[in-house]
Number of protein chains: 2
Amino acid sequence: MAIRRKEPPAEQPEAYPITYGVLGLLSFIGPMSGYDLKRAFDHILSPMWGAAHSQIYKELRRMETLGWVTMEREEQESRPDRKVYSIISAGQQALTAWEAQPKISLQMRDELLLKITFGSFAPPGALMATVKAGLAFHEERLAEFRENLHHLLVRHDQPQEEPGANQNAGDPFARRITLLAIEAEEVYTRWLRELLDFLKEREPQLEDR
Amino acid sequence: MAIRRKEPPAEQPEAYPITYGVLGLLSFIGPMSGYDLKRAFDHILSPMWGAAHSQIYKELRRMETLGWVTMEREEQESRPDRKVYSIISAGQQALTAWEAQPKISLQMRDELLLKITFGSFAPPGALMATVKAGLAFHEERLAEFRENLHHLLVRHDQPQEEPGANQNAGDPFARRITLLAIEAEEVYTRWLRELLDFLKEREPQLEDR
DNA sequence: TATATCATGTAATCGGTTACATGATTAA
DNA sequence: TTAATCATGTAACCGATTACATGATATA
């Protein structure tokens, strides 16, 4: 019953995966604003990480106090100033130190699979509608990933028009990651289609709405 | 610049996916303690959702105040009392209402893929060690899922020894989910092995440590 | 004889989501 | 002319993780 005050940890973790996601993009692509970073996240990191823009901004502020990035303010008319962040050497070192650790974490939160798991509690027809919505969602994801691959392929072979537009094309990992994402979504969508067939067999009268 | 107090939302969401994960397991399997639920989560829901035991306990308390479950205390010697929770009709209705909504959410947090994405910033040999650790992790996951499938298959054909031990065997969704999880991990591990081959080609001298 | 693991839960902290703000274009 | 979307950020809240507790039995 005795209450023991927790002693401050010898070295509180000052960064987590999303921190390195931001840091990696700044190093990979170059100086950017929080807004740009959000888009880079959605395009490049969507297969393995999602982040709200608000959190990216927060991480940027934190990393600035850590001395990992610097910020330069660009004034604009009728729009909030752009705060352009750049990675500096301490940040680059932190990124490398993280890469040196083999520790990995994995979190999956898939509400579609959860609903399917307990699908026997769904009212008639409801599960079919959910699966259809899920199939549409994942087909769109698959299409995006295929488009990403297309960009990687063309820009790799052709001379670059916009300078600095596509540094990742020459990177050996970007394409591999995209290929995995595509394959995973192909498996997922095929599985959903088979499930849909099964549901249609069971409840043919509910096939449309 | 005016500060506007936020008005309380007309109807605050009283549940989120994990709530229905707990609820679904209680309905699917039967009355359980928080401890049992944690194990059920790890076995049945691991392909799509992870939860710390502390959060499961918290959800149970919340759901009790909502009137979705009831709790009965079982006294034990030299061990904290078991609090056994049971789903009641309001909870069953909430579960069905959730199933009736086609809305789905998806969150992926894969630190391994993140490290690989920025693998060009890793010190020599570090990425290879990370990929090896990741491969071991996912091979273990794959083995677990295959074992789950095995259990589903045998218990489905044979008469059940322990009563109530395996209600899910007859369920059409449990096996399908497991099959998807297996296929996904097969794709993932194969991809990791190919990546490892690529890395070994690049840095043959670093192949061991 | 330490050290895990089983068994069962509570409390504090923090990562991440949702809401709040603003104003200019573009589309319906 | 109403509503999106682009563009850019801050503040509040809450879901989820980590730490705290306890005491058996099993394992090294």
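Side chains included, hydrogens not; waters and symmetry mates left out as well; all remaining heavy atoms used. Just so it is clear: chains get the letters A, B, ... in the order the sequence lines come, proteins before strands, and each one is counted from 1. Quick caveat, the model's predicted, so the values are computed rather than measured.
A salt bridge links B:R62 with B:E59; the closest basic N to acidic carboxylate O contact falls under 4.0 Å.
Side chains of A:E72 and A:S86: no donor on one and acceptor on the other come within 3.5 Å. If you check the side chains of B:E111 and A:W98, you find a donor sitting under 3.5 Å from an acceptor.
Regarding A:I18, its CD1 atom lies at a distance of 16 Å from the C1' atom of D:dT17, rounded to whole Å. Atom CD of B:E14 is separated from atom P of D:dC14 by 14 Å (rounded to the nearest Å). Atom CE in A:M108 sits roughly 15 Å away from atom P in D:dA16 (whole-Å rounding). Computed from coordinates, the A:L45 CG to C:dG16 P distance equals 14 Å when rounded to whole Å. In this entry the distance linking NZ of B:K58 with P of D:dA16 reads 9 Å, nearest Å. Between B:R62 atom CZ and C:dA11 atom P the separation is 17 Å, expressed in whole Å. For A:F41 and C:dG15, the CZ to C1' distance is 13 Å, given to the nearest whole Å. The distance between atom OH of B:Y16 and atom C1' of D:dC13, rounded to the nearest whole Å, is 11 Å.
Contact between the side-chain N/O atoms of A:R109 and the OP1/OP2 oxygens of D:dA16 is found at a separation under 4.0 Å.
Of the candidates D:dA16, C:dG15, C:dT10, C:dT10 carries the atom nearest the B:S54 side chain, counting heavy atoms from C-beta on.
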Sort me out a list of protein N/O and nucleotides 6-9 of chain C N/O pairs below 3.5 Å, or just none if empty.
{"from": "C:dT8", "atom 1": "OP1", "to": "B:R82", "atom 2": "NH1", "distance (Å)": "3.0"}
{"from": "C:dT8", "atom 1": "OP2", "to": "B:R82", "atom 2": "NH1", "distance (Å)": "3.4"}
{"from": "C:dT8", "atom 1": "O3'", "to": "B:D81", "atom 2": "O", "distance (Å)": "3.0"}
{"from": "C:dG9", "atom 1": "OP1", "to": "B:D81", "atom 2": "O", "distance (Å)": "2.9"}
{"from": "C:dG9", "atom 1": "OP1", "to": "B:K83", "atom 2": "N", "distance (Å)": "2.5"}
{"from": "C:dG9", "atom 1": "O6", "to": "B:H53", "atom 2": "NE2", "distance (Å)": "2.9"}

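Residue A:Q107 is classed as a sugar-phosphate contact, given heavy-atom separations below 4.0 Å to backbone atoms only. No engagement by A:R73 is indicated, since no non-hydrogen atom pair under 4.0 Å with the nucleic acid exists.
The shortest distance between side-chain heavy atoms of A:I56 and A:Y85 does not fall below 4.5 Å.
Screening residues 29-50 of chain A for salt bridge (Lys or Arg N to Asp or Glu O under 4.0 Å) gives A:D36-A:R39, A:D36-A:R82, A:K38-A:D42 as the qualifying pairs, with residues at least two apart or on separate chains.
Scanning both residues, B:G91 and B:L23, for their nearest heavy atoms gives O-CD2, 3.4 Å.
Interatomic distance, B:W68 CH2 to B:S27 OG, rounded to the nearest 0.5 Å: 13.0 Å.
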